[in-house]
Amino acid sequence: MKMTEKYNPADIESKWQAKWEADGLYHADIDPSRPKYYALTMLPYPSGDLHIGHWYAMTPSDARARYLRMKGFNVMFPIGFDAFGLPAENAAIKRNIHPKDWTYANIDRMRGQLRSMGAMWDWRREAASCDQQYYYWTEWYFIQLFKNDLAYRKMSPVDFCPNCNTTLAREQVWGEDRHCERCDTPVIKKDLDQWFFRTTKYADELLDFTEIDWPDRVVAMQTNWIGRSEGASVVFYTEQGDPMEIFTTRPDTLWGATFMVLAPEHPLVDKVTTDANRKEIEAYKLQATRQDEIQRGATDKEKTGVFTGGYAINPVNQARIPIWIADYVMMGYGTGAIMAVPAHDERDFEFARKFDLEIIPVIQPAEAQCDGATMPEAYIGPGLMINSAHFDGTEVNDEKGSKNPGIKAVNNWLEEQEIGRADVSYKLRDWLISRQRYWGSPIPMINCEKCGWHPVPEDQLPVLLPDDVEWLPTGESPLKLHPTWKNTNCPECGGPAERETDTMDTFMCSSWYHLRYLSPNFDKGMFDPEEFDYWMPVDTYTGGAEHATMHLIYTRFFHKAGRDMGIIKGNEPMKQLRNQGQILGPDGQRMSKSRGNVIDPDKQVSQYGADAVRTYLMFGYRWVDGGPWKTENIQGVVRWLHRIWSVFSEPVKPGNPDPAVLKSLRRKVHQTLKQVSNDIESFEFNTIISGLMELLNEMITAKDAGAAGSPEWDEARKFYALMLAPVAPHIAEEMWTEKLGNPYSVHAQPWPKLDEVATKVDEVTLIVQVNGKLRDRITVPAHVSEQDAKQTALASEAAQRFIEGKEPRKVIYVPGRLVNIVV
RNA sequence: GCCAAAGUGGCGGAACUGGCAGACGCGCACGACUCAAACUCGUGUUCCUCCGGGAGUGUGGGUUCGAUUCCCACCUUUGGCACCA
C-alpha cells in the first residue's frame, strides 16, 4: 500500500497557481449570456511590501468572488496599483533612486506577493495609475472638468505641510493640532493659487444614498462630512452702508441679535474698524493668523475677540449693534460673518457674558421665564417667539429648517421684505487638487500672460512627466525647477507660455481606477464603452472604512460629474460597499515597524501555506471588526487543513453503516451547504469556516461508523471540496482533481445544488420548560401535532416534579422548539 | 459636546424572525501513543453547589409564558466629527 503523503502546502500551492495562471482560468471576458458581477477590492499602494492587512482585505473578497463565479456569475476581480504619491518621492530623496524606478520595482515585487494569495485576479486588467496610458486619461478628464466649469483656479489660504512641502486637502489634515496625515507635522496656512473641483455643486446629490447599499457608518460619516444645514441668509448693513451677509440656522431669533462677529480674515474688517480700535484689531488679527498655524480649533478654549468700533443695523428691527471680530467665527464656513444671538446660542452666550454684551431672549420656553440679565446659559429649546414684533406668539419647535413653524414663517417674511431668503449651507468644500510635488499626474493646463489659462490641446496629451528632475522638496513643485519642461506655447495665440507645474492629488487617480480596469490598454478613451456597458457599475466594493470621507466621496463626485458631462452612465459607481476591520499586532497595537509588531504575510505563507493564512484570517475575526493577530490561533486552521487532507487521502474502508448514520451525514452536508452559501453572501466568513469544521468532524464520525464508500460519503467528499474551493482554493483543487479524480478544475465547477428536503429532520428534540425554566427534553416526530407535543411534555417526569401537582394555567407550544408549562 | 458602532467563558467568537446561551476554534487539564518530548488521537473545560439545583450575555429597570435578541435610562470601549453659526 502506498504511504499517504503529508499535506505540504508549499508543493501544491505553487503548482496550482502556476497552472491556473497558464490556463487563464480567471480571465473575465464579456459574455452577454451570463449575468456579470464586478467584484472590486481597493487597490494597494505599491509601498514595496504586502501587509497582512492586504491579505485580510483581499482574500475574503476573493473567496466571495470565487463563490459567485461558481454560482454562475461571470465575475471580474481585477487588481492594480495606486502608484503615484509622496512615499515614492520621499524614498527617492532618502536613497537617491528615481521615484519611477522605485515604484515599478515595488510593483514587480508586490505582483509576486499578490500571486501568492492564490486570488482569482485577472492580471490582464491590471492598471497602475502612474502608467502613461493611465494618467493620459486622468489629464484628459481634468480638461473635461475644466471645460464644464467643474475645475477652477482660485487663490486661497490652504493647509500646507512644511515637511512634505505640499498642500493638503481638508481631509488630509488630522487632529486637534491639525497635523499632516502622512508625517504628523502640524500644518501651516499658505496663500496659494490652486486648482479646485466643484464638489459642492453635487453636495445635495451626494447626500442621496437611495441607490446604493453602503454601511450605515459610511453613510453617516459622509452625511456629517457634507454637513447640510438649513436656515436663512440675511443681509445686514454696516453703518457706512456696506452689505454684510450672514448665514443662520435660526432666523427665528433674528430679533435677539445683539452683536455681530466677523472672522478675523473677513474682508470688511478693515472698513468697519474705527481709528480708535485699529491697533487692537490689527494685533488680534495677527495673533489669529499665527494661531492658525498652531491651533485655533480647540473647542474648550476660552472665547477671545475684539470690538471693531463699528456698528451694523439689524434689518428686522433697525437695532444698532456692535461689530466684533473673534476667532470662533471661521472664514471657511458660511460667509465668515455671523449675527450673534447670545440668548439662544451657547457660543454667543459665552462671548456675551465675557464681554458684557446685551442678551435679549426672543424665545419663551413653556415653563420658565428667560431673563437676559440672569439666565445661566443659552436656551436652545422650543417655545414661543417674544420681543419679535408681529411674530410674537409664533411657535418654535425642535425641528430644523423649514419644518420648524417659526423658521418657516420668518423665512417667508424675509423674502417678502427682501431682507434675506431661506438658504442652505454645507460644510463640504470644493476639492483642492493641486500638489506641489513631482510624482503625480500633471495638471494639463497652460498659462499665457495674454490669454490666461487654457487646457493643453487634447491631441498633445498626455503631458508627460520629465524623467530628469531634481526632486528635493523646496515648497515648489520640482517641475517648476526643471530648466525647460514648463516652457511651451499658448494654445490660443501661439506665444510663449508656461505649463502648470503642480501635479494632481492622487485621489484623482484613484477616483476612476475601477474604470481603467475595464480596458487598461484602451487608447481611444478612458475606457472601452463596450466593457463599461457590460461590467459597470461595480457590484461589490470592499475596503477599509478610513476612506469614508475621502476616496469614497471623491469617486462618487467623479462619477456624477462624468455622468453630467456625458462620459459615464449611471448615478453611482459602486452599488454595494462593505468594510473590513484592521488586523492589529499581537500586542493589540496598530502594526508598525517602530513597534516591531509587524506580521509579515510572506513568512506566514512559507510556514503554514496560503490556504492556512487565508482561512485563519476568515475564521479568527468578525470581518468588519478585525483584531489582534494571534500566532497560536492559526494552529486551529492548520490542524483542520491536515485533517481534511487525511480524510481525502486515507484509503476507503467500506463498512456496513446504519442507514441512520448515512441519512444524518447527508443532512449535515446539505445543512452546511445552506449555511455556507448564506454566510459567504453576507460576508460572515468566520462562520463559513466553523461550519466546514463542524461538517468535517461529522464526516470523521460517520467514517468511523463505516460510512466510507457509500454514495452519501462520496457526495459529502465531493461537496466538501466544492465548498472549500472559495476559501482554500489550493487544497480544494488538490482534493477535487487529485484525490477524488474529478476533471480539473474545481474552480470551474458549479456550486453544489442544495437538497432542501435533505436538511429536514425526522425527529426533533423539544425542550420542556416549566415557568420558562428548562426542565427536560423530549424527542418527538418532526410533524408532531400540538396536542401530542403538549401531552408528551406534561407527562415528562422532570416536568411533573416542577409542576408539583398544580394545575397548568397555560401551555405554550412553539413547533420544533419547545413546550412551556405555566403554573 | 455631537454622530455612529459595539459590550457574551481565560481568549477569538457563535446563537435564524423573542424560544436549549457559549457552536467552532485557541488555550488549559487529564488520558492514549512515545525511552522521552513534539505531533496526533480521546475526554473534560461559564461560575457556584449541600449534586436536588442555583446564578449567568456591561449596569439598573420595563414589556413577555419566555429577552444576548425588543423598549427606557445609565456606564464603558472603539471609530468619526468638533466653536460649522
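Below, chain A is the first sequence line, B the second, and so on; all start at residue 1.
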Worksheet item: Which nucleotide, B:A85, B:C20, B:G53, lies nearest any side-chain atom of A:Leu774?
Response: B:C20
Item to complete: Would you mind checking if A:Lys354 and A:Glu350 are paired as a salt bridge, meaning a charged N to carboxylate O distance below 4.0 Å?
Response: no
Discussion item. Give me the distance, rounded to whole Å, that separates B:U69 from B:U59 when you measure between the P atoms they each carry.
Written reply: 11 Å
Worksheet item: Given atom CD of A:Gln580 and atom C1' of B:G79, what is their separation to the nearest angstrom?
Response: 15 Å
Worksheet item: Expressed in angstrom and rounded to an integer, what is the separation of A:Gln675 atom CD from B:C24 atom P?
Response: 12 Å
Worksheet item: Would you say A:Asp679's side chain and A:Asn686's backbone share a donor-acceptor pair under 3.5 angstrom?
Response: no
Worksheet item: Rounded to the nearest 0.5 Å, how far apart are CG of A:Asp327 and NZ of A:Lys285?
Response: 14.0 Å
Discussion item. Could you tell me how far B:A6 sits from B:A67 if I compare only their P atoms? Round to whole Å.
Written reply: 22 Å
Discussion item. Under 4.0 Å between a side-chain nitrogen and a carboxylate oxygen: does that hold for A:Glu694 and A:Lys668?
Written reply: yes
Practice prompt. For nucleotides B:A21 and B:U68, find the distance between their P atoms and express it as a whole number of Å.
Written response: 9 Å
Discussion item. Main chain of A:Ile363, side chain of A:His344: is a donor-acceptor contact present, judged purely on distance under 3.5 Å?
Written reply: yes
Worksheet entry | Whole-Å C1' distance, B:C28 and B:G10 | 9 Å
Worksheet item: How would you label the contact of A:Arg775 with the nucleic acid (heavy atoms, under 4.0 Å): base, sugar-phosphate, or nothing?
Response: sugar-phosphate
Discussion item. In whole Å, I'd like the distance from the CD1 atom of A:Ile553 to the C1' atom of B:G80.
Written reply: 12 Å
Worksheet item: Can you check ring pair (Phe, Tyr, Trp, His ring centres under 6.0 Å) on A:Phe507 and A:Trp431, steps first, answer last?
Response: CA-CA 10 Å; A:Phe507 277 119; A:Trp431 175 12; 7.3 Å; no
Worksheet item: Can you check B:G9 for me, syn or anti if syn means within 90° of 0?
Response: syn
Worksheet item: Which residue pairs pass the salt bridge (charged side-chain N to carboxylate O under 4.0 Å, His left out) test with at least one member in residues 812-821 of chain A, sequence neighbours excluded?
Response: none
Worksheet item: Short question: side chain of A:Arg614, backbone of A:Pro726 - any donor-acceptor pair under 3.5 Å?
Response: yes
Discussion item. Taking B:G42 as the reference, what is the distance to B:G19 when you measure between their P atoms (whole Å, please)?
Written reply: 33 Å
Discussion item. Tell me the interatomic distance from A:Phe349, atom CZ, to B:G1, atom P, rounded to whole angstroms.
Written reply: 19 Å
Worksheet entry | Euclidean distance, A:Asp252 CG relative to A:Asn411 CG, rounded to 0.5 Å | 9.0 Å
Worksheet entry | Spacing between A:Asp216 atom CG and B:A5 atom C1', to the nearest angstrom | 10 Å
Worksheet item: Between A:Thr249 and A:Met693, which has a closest nucleotide on RNA chain B that is more 5'?
Response: A:Met693
Discussion item. Any side-chain N or O of A:Ser229 below 4.0 angstrom from OP1/OP2 of B:A85?
Written reply: yes
Discussion item. As an exercise, state the distance from CD of A:Gln769 to CG of A:Asn820, rounded to the nearest 0.5 Å.
Written reply: 4.5 Å
Worksheet entry | Test item: A:Thr779 side-chain N/O and A:Thr765 main-chain N/O as donor-acceptor pair under 3.5 Å | no
Item to complete: Measure from NZ or CZ of A:Lys303 to the centre of the six-membered ring of A:Tyr328 and say whether it is under 6.0 Å with the direction within 45° of the ring axis.
Response: yes
Item to complete: State whether the side chain of A:Asn314 and the backbone N or O of A:Ala319 hold a donor-acceptor pair below 3.5 Å, judged by distance alone.
Response: no
For nucleotides 46-48 of chain B, list the nitrogen or oxygen atoms of the protein found under 3.5 Å from its nitrogen or oxygen atoms, one pair per line.
none

Worksheet item: Taking CD1 from A:Ile380 and P from B:A85, how many angstroms apart are they, rounded to a whole number?
Response: 12 Å
Worksheet entry | Among B:A85, B:C20, B:C24, the nucleotide that comes nearest once only the side chain of A:Glu694 is considered | B:C24
Discussion item. Using atom C1' in both nucleotides, what's the gap between B:C33 and B:C48 to the nearest angstrom?
Written reply: 37 Å
Protein-nucleotides 11-13 of chain B N/O pairs closer than 3.5 Å?
from  : atom 1 : to       : atom 2 : distance (Å)
B:C11 : O2'    : A:Lys630 : NZ     : 3.3
B:G12 : O2'    : A:Gly620 : O      : 2.1
B:G13 : O3'    : A:Asn686 : ND2    : 3.1

Item to complete: Look at all strands and tell whether A:Asn678 reaches a base, only sugar-phosphate, or nothing, counting heavy atoms closer than 4.0 Å.
Response: nothing
Worksheet item: So what's the dot-bracket for RNA chain B: Watson-Crick or G-U pairs under 3.5 Å, [ ] if a pair crosses, | if it pairs off-strand?
Response: (((((((..(((......[....)))((((((.......))))))(((....)))..(((((..]....))))))))))))....
Worksheet entry | C1' gap between B:U46 and B:C83, integer Å | 49 Å
Discussion item. Parallel, tilted or perpendicular: which one describes the rings of A:Phe355 and A:Phe351, with boundaries at 30° and 60°?
Written reply: tilted
N/O to N/O distances under 3.5 Å, protein versus nucleotides 62-71 of chain B:
from  : atom 1 : to       : atom 2 : distance (Å)
B:C65 : OP1    : A:Lys810 : NZ     : 3.4
B:C65 : O2     : A:Asn820 : ND2    : 2.4

Item to complete: When you get a sec, tell me which of B:G54, B:A85, B:G27 is the closest nucleotide to the side chain of A:Glu632?
Response: B:G27
Worksheet item: Separation of A:Phe802 atom CZ from B:G52 atom P, in whole Å?
Response: 11 Å
Worksheet item: With no hydrogens and no angle check, is any side-chain donor or acceptor of A:Tyr621 less than 3.5 Å from a backbone partner on A:Gly581?
Response: no
Worksheet item: Rounded to the nearest 0.5 Å, what separation is found between the CE atom of A:Met618 and the CD1 atom of A:Ile689?
Response: 6.0 Å
Response to the item:
On RNA chain B, more 5' by nearest nucleotide between A:Gly332 and A:Val814 is A:Val814
Discussion item. From OH of A:Tyr813 over to P of B:G18, roughly how many Å is that when rounded to an integer?
Written reply: 20 Å
Practice prompt. State whether a side-chain donor-acceptor pair under 3.5 Å links A:Asp204 with A:Tyr426.
Written response: yes
Fill in: Selection from B:C81, B:A85, B:A4 that lies nearest to any side-chain heavy atom of A:Ala220
B:A4
For nucleotides 40-44 of chain B, tabulate all protein N/O to nucleotide N/O atom pairs closer than 3.5 Å, reporting atom names and distance.
from  : atom 1 : to       : atom 2 : distance (Å)
B:U40 : OP1    : A:Arg639 : NE     : 3.3

Worksheet item: Do we see a donor-acceptor contact under 3.5 Å between the side chains of A:Thr304 and A:Tyr284?
Response: yes
Discussion item. Just confirming the chi classification of B:G52, syn or anti, using 90° around 0 as the syn window.
Written reply: syn
Fill in: Rounded distance in Å between the C1' positions of B:C51 and B:G62
36 Å
Worksheet item: Counting distance only, does the side-chain N/O of A:Ser229 pair as donor-acceptor with the main-chain N or O of A:Val424 below 3.5 Å?
Response: no
Discussion item. When you measure only distances, ignoring hydrogens and angles, does the side chain of A:Arg817 come within 3.5 Å of the base of B:C16 through a donor and an acceptor?
Written reply: yes
